[in-house]
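Because the structure is a prediction, the values reported are computed rather than measured.
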Amino acid sequence: MVDKKLDSVRVRIAPSPTGEPHVGTAYVALFNWAFARKSGGKFILRIEDTDRSRSRPEYEAEILRSLRWLGLDWDEGPDIGGDCGPYRQSERLELYREHMERLLKAGEAYYCFCTPERLERMREERKGESFRGYDGHCRGLSEGQVRENLERNLPYVVRLRVPREGETAFEDMLRGRVCWRNEEIDDQVLLKSDGFPTYHLASVVDDHSMGITHVIRAEEWISSTPKHILLYRAFGWPVPKFCHLSLLRNRDRSKISKRRNPCSLHYYRKVGIFPQALLNFLGLQGYSMPQEQEIFSLEEFARDFDVSRIKTRSPVFDLEKLFHINGVYLRSMSRERLVEALLSYTRGWLEGALGLAQERMESLGDFFPLMAFLWQRELVGDFGAILPKRVSLEEARGVLGKALEAYGSCEWSVEGLRRVHGELAKALGLKKGKVFMTLRTALLGKLGTPPLEESLVLMDRFQVIQRLEGALGCLEKWDV
RNA sequence: GGCCCCAUCGUCUAGCCCGGUCUAGGACACAGGGUUUUCAUCCCUGUAACGGGGGUUCAAAUCCCCCUGGGGUCACCA
């Protein structure tokens, strides 16, 4: 079954449902998709939900919905099935278990009974040393000791037995040969003590059993690639081709992060970016079209797609350029299509917005001024000039500064925000009223608005963070 | 810190593989000007880059080496 598939290209995107759908996922998906379409191969969607504590089904649904919104269609996936299913790792545990057994039997992997405490101690002790991987404590356990420990029901993990000598290398499609000395490769955990496989085991088993020919993924995976190669070898499987895409960056060139950039795909939908424009923009990051064509459709992108045009330099994510491109799309649309687009955009908001607006409305027209804060790009000219009564400049700075810290990582829900605001008031020793009014004016632009938290969650986290930074910037101009 | 990746305008990039055609081109942003009752659009102009040092060569942004800088990764997360 697998052999037949190896004839043609099969690539995949393998997101894990542990948060809001990420723009990086869209980026990598775009290149995988284009590679598949260009070569007449298949593009597969697989959900990597082996992290039991962080994975949530609603996140999976959001990933699917977002990719569909973008127009990146997949040939096989959890929703549509396919010959190599299931496409959700939590439903393939039996497969991993079998393969785990195989490795154990062959001596390619071993049981490890080290406690988290011991591991922590070990890491502490080796802090200054160059190699900080597992020290191999359980590597030499005899069969008898292992059996005894298992009978005593000691919790265990299974680790890969990485050869101590020689080297492991691969040929990256973009970067050429990349090589490691085996002694510096860690004995990676393959099976966690909760019985779930780690990413490393699951993705290798799945990529092989799904006949994946090219693994196109983000650069951050380069350093775990030797472990994956060792796994393929341990199983006796052919190794797929690897292609590591460079990472999208913040302005300071660190890996893109949600407090510095809009990482959630929800953001783009909420501020009214067209999916085609987003994809167009993403297709310009680390890649260029022939003749430097700047505006192109998904179809054109796929038709001209060429791996050799991918760059290894990591691009800084530039929202401004995205908006420019989106503007070009918007202005080129027919009036009818724009009407349609705006209607469906508005419809997406209505349910949530009306939940807050209806009781405050007397006519339909009241809706727009009431909820205008949802769409205003520039909120207030000068926040310092419209500070709520009895809130000092210093207090406002404190509130906004603390909020900025908290908003970057808190749970983006009414409850989550409520908690943040409560803690914020306590930490600053301010009355709740002051905190709320300061945030209300800074973030919603008016003294009279629907409830703060309910209003904020209608927006994307980053949208709010941007406003916070804007208001804080206004305050800087004022002297204390 | 070890290992690995990367390096052209502020940003996205073309050029680099196959050295001369590069006094380095385009786009965004910025500045100035024009069109427009205003704004936006649109048009024109301008500022602005091959990180440093060694080689190789008649000739290097392009090839080689070193340095520097940036980044990623070192989890029972993916």
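Considering only side-chain N and O atoms, A/T50 lies under 4.0 angstrom from the phosphate OP1 or OP2 of B/A78. At B/C6, none of the side-chain N or O atoms of A/K311 fall inside 4.0 Å of OP1 or OP2 (strictly under the cut-off). Considering only side-chain N and O atoms, A/T18 lies nowhere under 4.0 angstrom from the phosphate OP1 or OP2 of B/C77. Of the side-chain N and O atoms in A/R181, none sit less than 4.0 angstrom from OP1 or OP2 of B/C3.
A/I229 has its CD1 atom 15 Å from the C1' atom of B/C3, to the nearest Å. The CG atom of A/L319 sits 13 Å away from the C1' atom of B/C12 (whole-angstrom rounding). Taking atom CD on A/E292 and atom P on B/A24, their separation rounds to 16 Å, with Å as the unit. Taking atom CG of A/D318 as the reference point, atom C1' of B/C30 lies 13 Å away to the nearest angstrom. A straight line from CZ of A/F317 to P of B/C28 spans 18 Å, rounded to a whole angstrom. Look at CE on A/M100: it is 15 Å from P on B/C76, rounded to the nearest Å. Between A/I256 atom CD1 and B/U11 atom P there is a gap of 16 Å when expressed in whole angstrom units. Look at CG on A/N326: it is 15 Å from P on B/C28, rounded to the nearest Å.
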Under 3.5 Å, which N/O atoms of the protein pair with N/O atoms of nucleotides 43-52 of chain B?
none

Distances under 3.5 Å only, N/O to N/O: pair up the protein atoms with those of nucleotides 70-74 of chain B.
residue	atom	partner	partner atom	Å
B/G71	O4'	A/R249	NH1	3.3
B/G71	O2'	A/R249	NH1	2.7
B/G71	O2'	A/R249	NH2	2.7
B/G72	OP1	A/K255	N	3.1
B/U73	OP1	A/K255	NZ	2.6
B/U73	O4'	A/S223	OG	3.3
B/U73	O2'	A/S223	OG	3.1

Is there a side chain to side chain donor-acceptor pair (under 3.5 Å) between A/D460 and A/H266? Walk through the geometry before answering.
CA-CA 7 Å; A/D460 177 75; A/H266 294 331; over 6 Å; no
Is there a side chain to side chain donor-acceptor pair (under 3.5 Å) between A/R10 and A/T213 once you walk through the steps?
CA-CA 5 Å; A/R10 288 174 64 84; A/T213 55; over 6 Å; no
Under the side chain to side chain donor-acceptor pair (under 3.5 Å) rule, what do A/H244 and A/R217 come out as? Steps first, then yes or no, please.
CA-CA 5 Å; A/H244 291 95; A/R217 48 152 52 152; 3.2 Å; yes
Test A/L330 against A/L338 for side-chain contact (heavy atoms from CB on, under 4.5 Å), laying out the working first.
CA-CA 7 Å; A/L330 189 144; A/L338 224 205; 4.3 Å; yes
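A 3.5 Å limit on both hydrogen-bonding distances identifies B/C3 as the Watson-Crick or G-U partner of B/G72. Taking a pair to require two hydrogen-bonding distances under 3.5 Å in either a Watson-Crick or a G-U wobble arrangement, B/A27 pairs with B/U11. Checking B/U21 for Watson-Crick or G-U wobble geometry (two distances, each under 3.5 Å) identifies no partner in any strand.
Where A/E184 and A/R309 meet RNA chain B, the nucleotide closest to each residue was compared, and A/E184 sits on the side nearer the 5' end. Comparing A/R251 and A/L174 by the nucleotide of RNA chain B that holds the closest heavy atom to each, the one mapping nearer the 5' end is A/L174.
Rounded to whole Å, the C1' atom of B/C50 lies 10 Å from the corresponding atom of B/C22. Distance check on atom P: B/A60 versus B/G55 gives 12 Å, rounded to whole Å. Taking atom P in both B/G1 and B/A61, the straight-line distance is 33 Å, to the nearest Å. Using P as the reference atom, B/C43 and B/G51 are 32 Å apart when rounded to the nearest Å. For the P atom pair drawn from B/U56 and B/C65, the interatomic distance equals 15 Å after rounding to whole Å. When the P atom is used for both B/C30 and B/G70, the distance is 29 Å, rounded to whole Å. For the P atoms, the distance from B/C64 to B/G20 is 15 Å, rounded to whole Å. To the nearest whole angstrom, the two C1' atoms, one in B/A7 and one in B/U11, are 15 Å apart.
Listed candidates were B/A7, B/C76, B/C3. Nearest to the side chain of A/T312 is B/A7. Closest to the side chain of A/H200, from the set B/G10, B/C76, B/A78, is B/A78. Residue A/H324 has its side chain nearest to B/A27 when only B/A78, B/U11, B/A27 are considered. You'll find that the side chain of A/V178 is closest to B/C5, out of B/C5, B/C28, B/C12.
Looking only at atom types and distance, the side chain of A/N250 has a donor-acceptor partner in the side chain of A/S254 under 3.5 Å away. No side-chain N or O of A/Y27 forms a donor-acceptor pair with one of A/Q285 less than 3.5 Å apart. Between the side chains of A/Y87 and A/D206, not a single donor N or O lies within less than 3.5 Å of an accepting N or O.
Across all strands shown, A/E294 has heavy atoms under 4.0 Å from base atoms, whether or not it also approaches the sugar-phosphate. Among the protein residues, A/C179 comes within range of the sugar-phosphate backbone only, with heavy atoms under 4.0 Å from sugar or phosphate atoms but none that close to a base. Using a 4.0 Å heavy-atom cutoff across all strands shown, A/R52 reaches no nucleic acid atom at all. Counting non-hydrogen atoms under 4.0 angstrom, A/P116 reaches a base of the nucleic acid.
The base of B/A29 does not come close enough to the side chain of A/K321 for any donor and acceptor atom to sit less than 3.5 Å apart. A donor N or O paired with an acceptor N or O is not found under 3.5 Å between the base of B/C5 and the side-chain atoms of A/R175.
Counted within 6.0 Å of CZ on A/R118, heavy atoms from surrounding residues, nucleotides or ligands total more than 12; the atom is thus considered enclosed. Enclosure of atom CD in A/E98 by more than 12 non-hydrogen atoms of other residues, nucleotides or ligands within 6.0 angstrom is indicated.
Remark: side-chain polar atoms of A/R309 are not paired, donor with acceptor, to backbone N or O of A/D304 under 3.5 angstrom. Formation of a donor-acceptor pair under 3.5 Å by the A/S55 side chain with backbone atoms of A/R52 is not found in this model. Distance alone, capped at 3.5 Å, is enough to place a donor-acceptor pair between the A/N182 side chain and the A/E165 backbone.
Ring to ring, A/F242 and A/W221 are not that close: their centroids are 6.0 angstrom or more apart.
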